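Chain letters run A, B, ... following the sequence lines, proteins first, then strands; residues in each count from 1. Quantities reported herein were computed from a predicted structural model and do not represent experimental measurements.
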Amino acid sequence: MTTPPTVINTLRPTLARALAVVRRIIGAPDYALYLEHMQLRHPECAPLSMRDFERERLHDRYSRPGSRCC
Amino acid sequence: MRILKPLGWALVAIAGAVAFGFLALSRGEPVSAGWLLTAAVCTYLVAYRFYSRIIASKIFALDATRATPAERLSDGRDFVPTNKWIVFGHHFAAIAGPGPLVGPTLAAQFGFLPGLLWIIVGVAVGGAVQDFVILCSSIRRDGKSLGQMAKEEIGPVAGFTALVAVLGIMIVLISVLALVVVNALKSSPWGTVTIGLTIPIALLMGVYLRFLRPGRVLETTAIGLVLLVLSLYAGRWVAEQPSIAPLFTLSGTTLALSIMVYGFAASVLPVWLLLAPRDYLSAFVKIGVVIALAVGILVILPPLQMPPLTRFIDGTGPVFAGKIFPFVFITIACGAISGFHSLIASGTTPKLLLRETDARFIGYGAMLTESLVAVMALIAACILSPGVYFAINAPPGIIGTTVESASAVINNWGFIVTPAELTALAQQVQETSLLSRTGGAPSLAVGMAHIFANVLGGGGAMALWYHFAIMFEALFILTTLDAGTRVGRFMLQDLGKNVWEPFGRVSWYPAVLLASAMFVSMWGYFLYQGVLDPLGGINSLWPLFGIANQLLAAVALCVGTTVIIKMGKARYAFTTLVPLAWLVTVTMTAGWLKIFSPDPRLGFLAHARTVADKLAAGALPAGVKTAADAARVMFNDRLDAAVAGFFMVSVIVILTDSLWGWVAVLRGTRATNNTEVPYTATAITAD
């Protein structure tokens, strides 16, 4: 009975990656990527909280033309 | 291997040519949709492989070792190096809207061939080129927007004209799309309830995502999708209750006012509450339905009932007035060439590209995919019997308001349809009537329902699939409408702050409310006049939208040509000059005809004159009840003429400004300064 959990465990990262792809295609902001970027490039700055980050992204997305087409 | 490759391409080219030949020579009997798909896909493959290569290697010399803005300016927010498949999906979801569905459906009145040829040829040498060139130009300039590039590459006059033109286009675009929704929901309690419920669903998702499960976008969207399906059944339930169905059986004017209220709310409410959740939902449904439609068409390969050419190429068509030239090229904008794409190709997309070389797949490739969607919409419209197609798409001013009158008029055109057939079809999709549901959405929905019901379920499923298709189209349109209203509000505030500074404050409520109300009343006015128009409104508004969209494409192609000439690649400037010359010809001819044509069905001014003559003679034109209404009709005609005139003047201004610059650069009186960001090598290693 050890096989099913192993299968799930091996599939889990693939599934997580697939879901991340879907999220980005529909245009959802990716907080994990932002955190990774901040750690890499600006380790001295405190990153925005997830809530502030998403708020900022949404505001930006809907304030300029070019995010949508006919 | 060296021989096999060219051989393979030769086979693709031959297959495409055979399909075109078959379509062109088909007379009399229905042809299979398979031929259309073969002709389209083979042309796309050849164009992608050979034509887009000129832009990729000869003009821009795309270089995988050159760092992209996503890498150089990486900020974890806008600029994020992203896998090309993800960027492709995101870019496609952003460019594919209701345009490629509606335009081809309307243009089917000429038969399937003119629309098909324009979609396929137009995309290969026009639309995909525009998207690709603008994307490349933007990548080389830190992801600058079209407006910025117009200002910096051509000049301040062109830049300002482009800005005002974009605002004008948004007004016409939103009003015509809203009119499509109104015509689809008019006296349809099922459709109205289903679409109405998508608003509380979005609000619920917004609250859920904000307070209960922050960041769980996919989970929230999945819940939204389930609720969407439930709303479809809820709509049917309401429509079947004689006690409450009349409450949701709304007139065109009521629906128009409701949509204006909705647009206003979307512009002033926080985006997390309404806009963002709706967008997620819509992107999902969009990609899902497009794939489902493609699979459905491939599985049943339906025969087309519409002939290749109809008698209406002479300009007497009931769906919209005007001859095949220039009006097929105006009616189908999105799917062949759409100026709006240039805003996206210089918006989010250039900030995401991991490698420069991905631009070909994303810029050129995604547009080819959208073109395929347009071909599928054309197929869905043409599998209906022509009689049914015209009954749904012709305005009441032409076919009357009863199935008997409609049948008599349409039979007279040579397309046979009986009153019983029309009644039976309406009953089959559980609508009171399908007559004169202009705007393209209902006839496309009948076509899609036909395909889906054929693949997945029998006759009883038609009504569900019909309303599913209506919901899908309305969801598409409303997400363009609400986000467009908000963007329009911001643009208005940005322009208005030059006159009165506080008006520009984007979080000051009085300014927000005022700017939103102003923008909504602008498109709301056109929507309202369209709803009251006895000729259906689409007849006058859709050509205006087409002209506006092609104007923006002309702006984009002017920017592209300028960039190419300044790079010293004038030899290859034909890639953008050919579609530019064609678009200028088409928009100028169409604009001129819409304003000055002596035919009152076509020319705005001629129509105003007929109304005036009727009034002077003491009579009222058909469909107009009072003298005040007639005065309003005349005012609207002149307003439409002025709008068309404004778009034409804008084209001339930008074109003249650009031409001036090209001549100066080519004669050497202006330096061929390269405004590209200098080369930096990428640090991202190949994976």
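Taking every heavy atom of both residues into account, B:I344 and B:P350 meet most closely at O-CD, 4.0 Å.
A 6.0 Å sphere centred on CZ of B:R505 holds more than 12 heavy atoms belonging to other residues, nucleotides or ligands.
Note: B:W272 and B:F211 have perpendicular aromatic rings, judged against thresholds of 30 and 60 degrees for the angle between ring planes.
Looking only at heavy-atom pairs under 4.5 Å with chain B, the residue among A:L40, A:V21, A:L33, A:L35 that has the most is A:V21.
Looking at B:R489, there are no atoms closer than 4.5 Å to chain A (heavy atoms on both sides), in backbone or side chain. Using a 4.5 Å cut-off between heavy atoms, A:R24 contacts chain B through both its backbone and its side chain. Using a 4.5 Å cut-off between heavy atoms, B:L352 contacts chain A through its side chain alone, with no backbone atom that close. If you measure heavy-atom distances from A:E56 to chain B, the contacts under 4.5 Å come from the side chain alone. In this structure, chain A has no heavy atom under 4.5 Å from any part of B:I174.
Residues B:R77 and A:L48 meet the side-chain proximity criterion, which asks for heavy atoms closer than 4.5 Å.
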**Report entry** Candidate pair B:R486 and B:L274, rule side chain to side chain contact (heavy atoms under 4.5 Å, CB included), full reasoning
**Finding:** CA-CA 12 Å; B:R486 197 177 177 91; B:L274 186 58; over 6 Å; no
